[in-house]
Amino acid sequence: MIDPGPALQKAIVAALRAGPELIEQFRGATPRVYDSIPNPAVFPYIQVGEDQTLNDGEDDGECLAGSEVFCTIHVWSRAVGKVEAKLICGAIREALSATLAVEGQRVVVSQFRDVRILTDPDGLTAHGVYTHRFLLEPA
């Protein structure tokens, strides 16, 4: 079975960069979405974070070899307070609620899981940690 992670990440990045609500949060510009953060980075920005991929069916005697993937997306903001980070996380939720086109996969489930908004140890940066669940099967 082919790991769906790279194709899913590509689809997530495309959805985040094209999401109208996210473009609005980035003042009409294409949202800054990174895998590897440039130095220096311009705030706010979104970082594609960690994934956890679980088996869904192949070894359970089911016919389909699916994957359950939990994707973490980080939001980094230096605006005063946490409102900007919260608004961006809400816009991410909206962007990922649309059906994603994942190469070689069919998205069976796309589900918001949780979001946490933290103050980074530097005391200046709001850090949003957003988690989304996908259930995928080969197309």
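In this chain, residues are counted from 1 in sequence order. Note that this is a predicted model, so its numbers are computed, not measured.
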Asks: Which atom pairs, donor and acceptor, lie under 3.5 Å between side-chain atoms of residues 8-25 and protein residues at least two apart or in another chain?
Replies:
residue: Gln9; atom: NE2; partner: Asp35; partner atom: OD2; Å: 3.1
residue: Arg17; atom: NH2; partner: Val33; partner atom: O; Å: 2.7

Asks: Which residues pass the side chain to side chain donor-acceptor pair (under 3.5 Å) test with Ser97, sequence neighbours left out?
Replies: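 Ser97 satisfies side chain to side chain donor-acceptor pair (under 3.5 Å) with no other residue.
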Asks: Can you name the closest pair of heavy atoms from Phe134 and Ser110 and give their distance?
Replies: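 The answer is CE2-OG, 3.5 Å.
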Asks: Report, one line per pair, each donor and acceptor closer than 3.5 Å where one atom sits in a side chain of residues 69-77; sequence neighbours left out.
Replies:
residue: His74; atom: ND1; partner: His127; partner atom: NE2; Å: 2.8
residue: His74; atom: NE2; partner: Glu50; partner atom: OE1; Å: 3.0
residue: Trp76; atom: NE1; partner: Gln47; partner atom: OE1; Å: 3.3
residue: Ser77; atom: OG; partner: Ala79; partner atom: N; Å: 3.2
residue: Ser77; atom: OG; partner: Glu84; partner atom: OE1; Å: 2.5

Asks: Please say yes or no: joined through hydrophobic side-chain contacts below 4.5 Å, possibly via intermediate residues, are Ile92 and Phe112 part of one cluster?
Replies: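 Yes, Ile92 and Phe112 fall within the same hydrophobic cluster.
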Asks: Rounded to the nearest 0.5 Å, what separates atom OG1 in Thr131 from atom CD in Gln111?
Replies: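 Atom-to-atom, Thr131:OG1 and Gln111:CD are 11.5 Å apart.
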Asks: Rounded to the nearest 0.5 Å, what's the gap from CD1 on Ile88 to NZ on Lys82? Could you check?
Replies: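 Going from CD1 on Ile88 over to NZ on Lys82, the span is 14.5 Å.
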Asks: Do Leu135 and Leu96 land in one hydrophobic cluster if side-chain heavy atoms of ILVMFWY residues count as linked below 4.5 Å?
Replies: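 No, Leu135 and Leu96 fall in different hydrophobic clusters.
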Asks: Do the side chains of Gln105 and Leu100 get nearer than 4.5 Å, heavy atoms only?
Replies: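 Of all side-chain heavy-atom pairs linking Gln105 with Leu100, none is under 4.5 Å.
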Asks: For the atom pair NE2 (His132) and CG (Asp51), what is the distance rounded to the nearest 0.5 Å?
Replies: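 It is 12.0 Å, given to the nearest 0.5 Å.
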Asks: Restricting to non-hydrogen atoms, name the atom on Asp122 and the atom on Leu124 that form the minimum distance, rounded to 0.1 Å.
Replies: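 Here Asp122 and Leu124 meet closest at OD1-N, 2.8 Å.
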Asks: So for atom CD, which belongs to Glu103, do other residues, nucleotides or ligands contribute more than 12 heavy atoms lying within a distance under 6.0 Å?
Replies: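 No, the 6.0 Å shell around CD holds no more than 12 heavy atoms from other groups.
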Asks: Would you call Ile46 and Tyr130 a side-chain contact if the rule is heavy atoms closer than 4.5 Å?
Replies: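 Result no, sub-4.5 Å side-chain heavy-atom pair not found.
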Asks: Is Arg32 atom CZ crowded by more than 12 heavy atoms from other residues, nucleotides or ligands, each under 6.0 Å away?
Replies: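 Check passes, neighbour count above 12.
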Asks: For Cys89 and Ile117, work out which heavy atoms get closest and say how close.
Replies: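 Minimum heavy-atom contact is SG-CD1, 3.9 Å.
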Asks: Short question: side chain of Thr53, backbone of Ser67 - any donor-acceptor pair under 3.5 Å?
Replies: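 Answer holds: no.
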